[in-house]
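The chains referred to below are lettered A, B, ... by the order of the sequence lines, with proteins before strands, and numbering in each begins at 1.
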There are 2 protein chains.
Amino acid sequence: MIYLAQHEGEGPQPLKNIAELGMPDQYLEQLLGNLRRAGLVTTVRGAQGGYQLSRSAEEITARHIIEAMEGPLNLSECVGEEGHTCPRGGQCTARGVWAYLTDEINGLLDSITLSNMLKNDIKGDM
Amino acid sequence: MIYLAQHEGEGPQPLKNIAELGMPDQYLEQLLGNLRRAGLVTTVRGAQGGYQLSRSAEEITARHIIEAMEGPLNLSECVGEEGHTCPRGGQCTARGVWAYLTDEINGLLDSITLSNMLKNDIKGDM
DNA sequence: TCTAATTCCGACTAAATTTATCGGATTTCG
DNA sequence: CGAAATCCGATAAATTTAGTCGGAATTAGA
């Protein structure tokens, strides 16, 4: 995604370009499929085709990307969707912690955009 | 750990008590070994033996527990220890994000104690 | 219209990690 | 001594992640 952001406006980038650094391209293709289905990249098929961001780098967050790749953050079965059939009846003391951490981390991920990553201006400078 | 905190001061709790809820006890034993080696629980061997917290529930954080079980939070090879041999020479744009997230999440984990969990007073109430 | 470039797709395989099991050795209370 | 426990290393099973394969569909350009 950073690669695509760096080449924003240059037309669709073929897999081979993106895979440059030793990542197997058939695998990358699979991963890009997730990003496409999540609506983060658009593709052009056929010769001169390739992948590009579907919207501006400012409008794509770390959370968008991570959720596209791995689904919603799931630190524990306990939190998240209902049908979790926890043996403890869903009322154990740990649950609140997981819920809290999930919210906080999602908040962090929401606050980071692709554009931030490019410019290296992540809050707190590190 | 929550179980042990709930039984603080009642003497060592044997595995079987802790495993109560359907968790295989031989596996739990293995996990408790990690907590012991990390210094979070102390054990008494032999009859009437068992596990107990090595210090007060206020002094044990979520981070202590998670690091005992899984080692230091490692969101990406890029950050953390030096010898990571990243093909990009260790200078890619994503690195700052991982470093930032690692710090922030560690901070969150530092701020939650076992005692907080028991009382369900996690900051931000959820 | 043909060809080369390229994405798309489902199924499969391989590697790594996590979860669990086994069999005993050791310790300690009563 | 005997029963109740933890300790330990090895192995096995299950799950997840990473990667491979073979081909079908699409499209630009000659």
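The two residues A:A68 and A:N34 come nearest to each other via the heavy atoms O-CB, 3.6 Å. Listed here is the closest heavy atom pair of A:M23 and A:Y27: CE-CD2, 3.9 Å.
Rounded to the nearest 0.5 Å, atoms CD (A:Q13) and CG (A:L32) are 11.5 Å apart. Distance CG/B:N74 to CH2/B:W98: 10.0 Å, rounded to 0.5 Å. Summarising the geometry, atom CG belonging to A:L114 is positioned 11.5 Å from atom NZ belonging to A:K119; distances are rounded to the nearest 0.5 Å.
A:T61 meets the side chain to side chain donor-acceptor pair (under 3.5 Å) test with A:H64; sequence neighbours excluded.
Taking every nucleotide of DNA chain C with any atom under 4.0 Å from a non-hydrogen atom of chain A, the first and last of them, 5' to 3', are C:dA5 to C:dA11.
Remark on DNA chain D: of its neighbouring residues A:M23 and B:P14, the 5'-side contact belongs to B:P14, judged by nearest-heavy-atom nucleotide. Nearer the 5' end of DNA chain C, as judged by each residue's closest nucleotide, is the contact made by A:K16, out of B:Q26 and A:K16. Nearer to the 5' terminus of DNA chain C, by closest-nucleotide assignment, is the contact made by A:Y51 (compared with the other of A:Y51 and B:D25).
Distance CG (A:N74) to P (D:dT16): 10 Å, rounded to an integer number of Å. D:dA18 atom C1' lies 13 Å from atom CD of B:E77, rounded to whole Å. With rounding to whole Å, B:Q13 atom CD is found 10 Å from D:dT6 atom P.
A single hydrophobic cluster is seen to contain both B:L109 and B:L53, as judged by linkage of ILVMFWY side chains at heavy-atom distances under 4.5 Å, directly or through other members. With hydrophobic clusters built from ILVMFWY side chains whose heavy atoms lie under 4.5 angstrom apart, A:M1 shares a cluster with A:L118.
Side-chain atoms of B:Q26 never come within 3.5 Å of backbone atoms of B:P24 as a donor-acceptor pair (strictly under, hydrogens ignored).
Taking a 4.0 Å limit (strictly below) on heavy-atom distances, residues 28-35 of chain A reaches DNA chain C at A:E29, A:Q30.
Judged as a salt bridge (Lys or Arg N to Asp or Glu O under 4.0 Å), not a single pair has a partner in residues 35-57 of chain A (not counting sequence neighbours). Listed by first then second residue, pairs satisfying salt bridge (Lys or Arg N to Asp or Glu O under 4.0 Å) with a partner in residues 107-118 of chain A read A:R63-A:D110, not counting sequence neighbours.
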Report each atom pair, protein N/O against N/O of nucleotides 27-30 of chain D, whose distance is under 3.5 angstrom.
| residue | atom | partner | partner atom | Å |
| --- | --- | --- | --- | --- |
| D:dT27 | O2 | A:A47 | N | 3.3 |

